[in-house]
Amino acid sequence: MTSTRGSRAPKPRLRDIADVAKVSTATVSRVLNDKPGASDEVREAVLAAMDMLGYERPAILRAKAQGLVGVVLPELVNPVFGWFAQSLESRLAARGYTALLCTQSPGGTTEQQCVDMLLGQSVSGIIFVSGLHADAIADHQHYLDLAARGIAATYINGFAPEIDGTFISVDDGSAMDASVKHLVSLGHSRIGLAIGPDRFVPSRSKIDAFRNALQQHLGIEDAAGHISPTLYTVEGGHAASAALIESGHTAIICGSDLMALGAIRAARSAGLDVPDDLSVVGYDDSSLIAFTDPPLTTIHQPVTQMSAAAVATLIDELDGHPGPRTDLLFRAELIVRGSTGTAPAREHK
């Protein structure tokens, strides 16, 4: 006969945690008992495995909480931002901090309101992901106010030299060069770029890198006719790609994975096959993208490494060791899957 005693969380099984975290049971034991000998990365993996399995973290680890850190995100529709949120939360937890997430929404919560709310919770610092710091025409005064108040802040994707803080960004130069080089190797010479509004720093850096790559690999001096600005959405990707398809492009590089899904939709609306008639490259390599139809060739944004650097620099600053006041670039990787192929016969006519 089985008896039930309330809803007490199950006792963690070391082997289950070790299997999920891909470490030894001895390592799991060291982490759970807060013993030395495990790196921050390993500790994060073990704690994430416990969360995934539904186990409650040991009291000895919960007692280590150092304070609260705000994480401000532009939205959660794009899965890459959820990826950042999860990775940052895990990294902060491994260092004894609790993440307070605040997401902006059109017509709803603004970034300034997020900052005010977080300051009201007495956060030790704030990490901004693709915030208004990435908007070249936005008012950055609230960032300057944070610095004046001595609130540590780290910024992901979107360098703004007038803001006092450490910036973490993807190396768009290497990403665009790898994308164009890959498509050229497949015989494409009519390559387009579907990209978000150019007031955003990441958009500008991608556009500049795309221009350079076209000049270097195809000898194209004026890339204006190959760039289609739009919104960072599925619908935006569809609209921009439809225009590029109409102007004879056989390959399209997109500023995000969501835009790439819109590009594939535009191709099918035009009666084209991907990749036989049109090759599509995304950007981010967010979750489930490998399982689209066809599997998406895309730029892998190193979210885990960028999150680790953002947390490390923020905590260093809290400990009295400010990080470099520059843009730390992380190299992206082209992941080749099924959405790119040899240029169609019309490309060679």
Side-chain angles (χ1 to χ4, degrees), residues 51 65-93 97-160 162-170 196-203 230-237 255-259 262 283-284 286-287 301 303 306-307 310-311 313-315 317-318:
D51 293 341
Q66 301 290 328
L68 304 174
V69 169
V71 175
V72 180
L73 302 151
E75 42 102 344
L76 290 175
V77 175
N78 189 331
V80 75
F81 295 128
W83 186 10
F84 266 116
Q86 182 180 33
S87 187
L88 288 167
E89 189 278 334
S90 295
R91 286 285 177 177
L92 287 165
Y97 287 84
T98 299
L100 285 185
L101 303 183
C102 187
T103 305
Q104 304 171 62
S105 58
T109 305
T110 66
E111 186 172 275
Q112 180 65 67
Q113 289 172 329
C114 281
V115 170
D116 291 342
M117 181 274 290
L118 293 171
L119 292 178
Q121 296 296 318
S122 300
V123 295
S124 301
I126 303 176
I127 298 174
F128 293 90
V129 181
S130 299
L132 291 180
H133 63 275
D135 188 337
I137 65 173
D139 183 4
H140 292 168
Q141 185 59 47
H142 58 292
Y143 301 125
L144 307 181
D145 293 341
L146 284 176
R149 294 180 59 168
I151 304 297
T154 299
Y155 303 87
I156 295 178
N157 283 336
F159 181 54
E162 73 276 11
I163 297 174
D164 183 23
T166 297
F167 290 79
I168 311 288
S169 300
V170 180
D198 66 1
R199 74 172 190 268
F200 295 118
V201 174
S203 296
T230 184
L231 300 176
Y232 280 112
T233 62
V234 173
E235 294 77 15
S256 73
D257 288 338
L258 289 183
M259 295 175 71
Y283 201 109
D284 287 335
S286 44
S287 60
Q301 185 169 185
V303 169
M306 293 169 68
S307 298
V311 170
T313 55
L314 184 76
I315 293 177
E317 183 131 351
L318 294 176

Point-to-point distance, once rounded to the nearest 0.5 Å, from [atom1] of [X] to [atom2] of [Y]:
| X | Y | atom1 | atom2 | value |
| --- | --- | --- | --- | --- |
| E111 | T103 | CD | OG1 | 11.5 Å |
| T98 | Q121 | OG1 | CD | 12.0 Å |
| T233 | E75 | OG1 | CD | 10.0 Å |
| L100 | I127 | CG | CD1 | 11.5 Å |
| Y143 | E162 | OH | CD | 10.0 Å |

Measure across [X] and [Y] and return the closest heavy-atom pair with its distance rounded to 0.1 Å.
| X | Y | result |
| --- | --- | --- |
| H140 | D135 | NE2-O, 3.2 Å |
| T109 | C102 | CG2-SG, 4.2 Å |
| L258 | V77 | CD1-O, 4.3 Å |
| S169 | M306 | C-CE, 3.9 Å |
| L318 | S124 | CD2-O, 3.2 Å |
| M259 | G196 | CE-N, 4.2 Å |

Are [X] and [Y] close enough that some pair of their side-chain heavy atoms sits under 4.5 Å apart?
| X | Y | result |
| --- | --- | --- |
| L68 | S122 | no |
| L119 | L146 | yes |
| F81 | P74 | yes |
| Y232 | S203 | yes |
| L132 | D139 | no |
| D145 | V115 | no |

Which pairs of donor and acceptor atoms, one on a side chain in residues 151-160, lie under 3.5 Å apart (sequence neighbours left out)?
residue: N157; atom: OD1; partner: V170; partner atom: N; Å: 3.2
residue: N157; atom: ND2; partner: Q301; partner atom: OE1; Å: 2.6

[X] side chain vs [Y] backbone, donor-acceptor pair below 3.5 Å:
| X | Y | answer |
| --- | --- | --- |
| D257 | Y283 | yes |
| H133 | A138 | no |
| D284 | V80 | no |
| S307 | V303 | yes |

Is the CD atom of Q86 crowded by more than 12 outside heavy atoms at less than 6.0 Å? no
